[in-house]
Amino acid sequence: MRTLTGIQPSGALHLGNYFGAIKQMLDLQKSDELFLFIPNLHALTSLKDSAKLRENTIEAAITLLSLGVDPDKTIFWVQSDVKEVTELYWYLSPYTPMGLLERAHSYKDKIAKGISASHALFSYPVLMAADILLYSADRVPVGKDQIQHVEITRDIAVKFNNEHGDIFTLPEFKVDENVATVPGIDGAKMSKSYGNAIDIFLSEKELKSRIGKIVTDSTPVEEPKNPHTCNVYALAKLFLDEKGALDLAARYERGGEGHGHFKAYLKELVWDYFAPHRDRKAYFDEHRSDVYEILREGAYKAREIALPMMEKIRDAVGIYK
Ligand code: ADP
Ligand code: TRP
């Protein structure tokens, strides 16, 4: 099973990204042939600051490598290092009806959020289709907001295949229904755009202060508390096994402990959980040339698959040789 996905280089990752997406992706490394890339070309649709895009791209690579992406198991690269993907984007465009793109929710949502309506934003799903089809991915793990883009990819592939024969594999999307929404410090969905996130790689002091800001109810210390309505408990549970969660719930229900205790416990859980990853991050921060080398090798492996596919596609559409 060839599984492919992209993670946007959009700044620091938070606990919602980790438990909602990255952890499942790391699990897939054990069972699937995983292709993972950083879609920096897609990021151009919303980020105009060149220094920031360059920095975010390498930061995203460092974060993913630190969290456990294993370049010996997974083909891991930066989208723009395989330039054929932009060529394919054009070959797919004649097979992309305007209506298909006009119906894209993500495009409408982004405009509603104030991102300016450019051609790149409109044709974003065609570049995403090129990402998926170039590598003949069978399966694409995505968040719910990206399902439609995988469906658009299938529509484009069917139209192209109808004209030129069975060139493209039709991908399936994979959405993990078991993944709960991780709450932010205000109890709403954790998101970097809501300013309520707890980032994965904070200093100990920043982490303590961020967790200190989690909204809790005002039940007095000595009284029993309901863990199931508590944001601190919801976050702590992510780090605990079943017994650990039951034990913590019992502490809530017993009374006698204030939210300060539970927050201190949560801080320890987060801090300890990411300790090995923090060490790896410190290493990569110091040895950026290793990261560039890993990305170069990843791009090389990705191109080995992309180049023969591109030959087939050029041939199919009639590019002269
Ligand atoms: P953000 O909302 O911070 O911009 P993204 O939209 O970039 O996050 O999300 C990247 C991935 O992380 C997606 O697969 C998304 O489903 C997942 N994700 C983001 N926030 C959460 C959350 N609070 N709970 C669960 N998953 C999340
Ligand atoms: N659009 C995806 C997102 O915003 C990122 C992405 C780009 C992607 N190309 C992809 C995801 C190909 C899966 C497959 O999250």
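Sequential numbering from 1 along the given sequence is applied to the chain's residues. Scope of the values below: all heavy atoms of this structure, side chains included, with no hydrogens, waters or symmetry mates. Numbering of ligands and ligand atoms starts at 1, following listing order.
- The only option from Thr169, Asp32, Thr5 that meets the side chain to side chain donor-acceptor pair (under 3.5 Å) definition with Arg139 turns out to be Asp32.
- Aromatic rings from Phe76 and Phe37 are positioned such that their centres are separated by 6.0 Å or more.
- Cluster partners of Val158 are Leu170, counting Ile, Leu, Val, Met, Phe, Trp and Tyr whose side-chain heavy atoms approach within less than 4.5 Å, directly or via other members.
- At a threshold of 4.0 Å, the pair Lys243-Asp247 counts as salt-bridged, since one of the basic side-chain nitrogens sits closer than that to a carboxylate oxygen.
- Side-chain atoms of Glu206 and Ser203 form a donor-acceptor pair, as typed in the model, at a separation below 3.5 Å.
- Within 4.0 Å of ligand 2, heavy atoms belong to protein residues Leu4, Thr5, Gly6, Gln8, Phe37, Pro39, His42, Tyr124, Met128, Asp131, Ile132, Val140, Gln146.
- For Lys237, the NZ atom counts as loosely surrounded, since its 6.0 Å shell holds 12 or fewer non-hydrogen atoms of other residues, nucleotides or ligands.
- Checking Gln8 against His42 by side-chain atom types alone, no donor-acceptor pair falls below 3.5 Å.
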Is there any protein N/O under 3.5 Å from an N/O of ligand 1, and what does the full list of such pairs look like?
unit_1	atom_1	unit_2	atom_2	d
ligand 1	2 (O)	Ser191	OG	2.8
ligand 1	3 (O)	His14	NE2	2.7
ligand 1	3 (O)	Lys192	N	2.8
ligand 1	3 (O)	Lys192	NZ	3.4
ligand 1	4 (O)	Lys192	NZ	2.9
ligand 1	7 (O)	Lys192	NZ	3.3
ligand 1	8 (O)	Asn17	ND2	3.4
ligand 1	9 (O)	Asn17	ND2	3.4
ligand 1	12 (O)	Asn17	ND2	3.1
ligand 1	20 (N)	Met190	O	3.3
ligand 1	23 (N)	Val182	O	2.9
ligand 1	23 (N)	Met190	N	3.3
ligand 1	23 (N)	Met190	O	2.9
ligand 1	24 (N)	Val182	N	2.9
ligand 1	26 (N)	Gly16	O	3.3

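- For the side-chain contact (heavy atoms from CB on, under 4.5 Å) test with Phe173, the passing option among Lys144, Glu151, Arg154 is Glu151; the others fail.
- Residues that satisfy the side-chain hydrogen bond (donor to acceptor under 3.5 Å, both in side chains) test with Ser191, not counting sequence neighbours, are Ser193.
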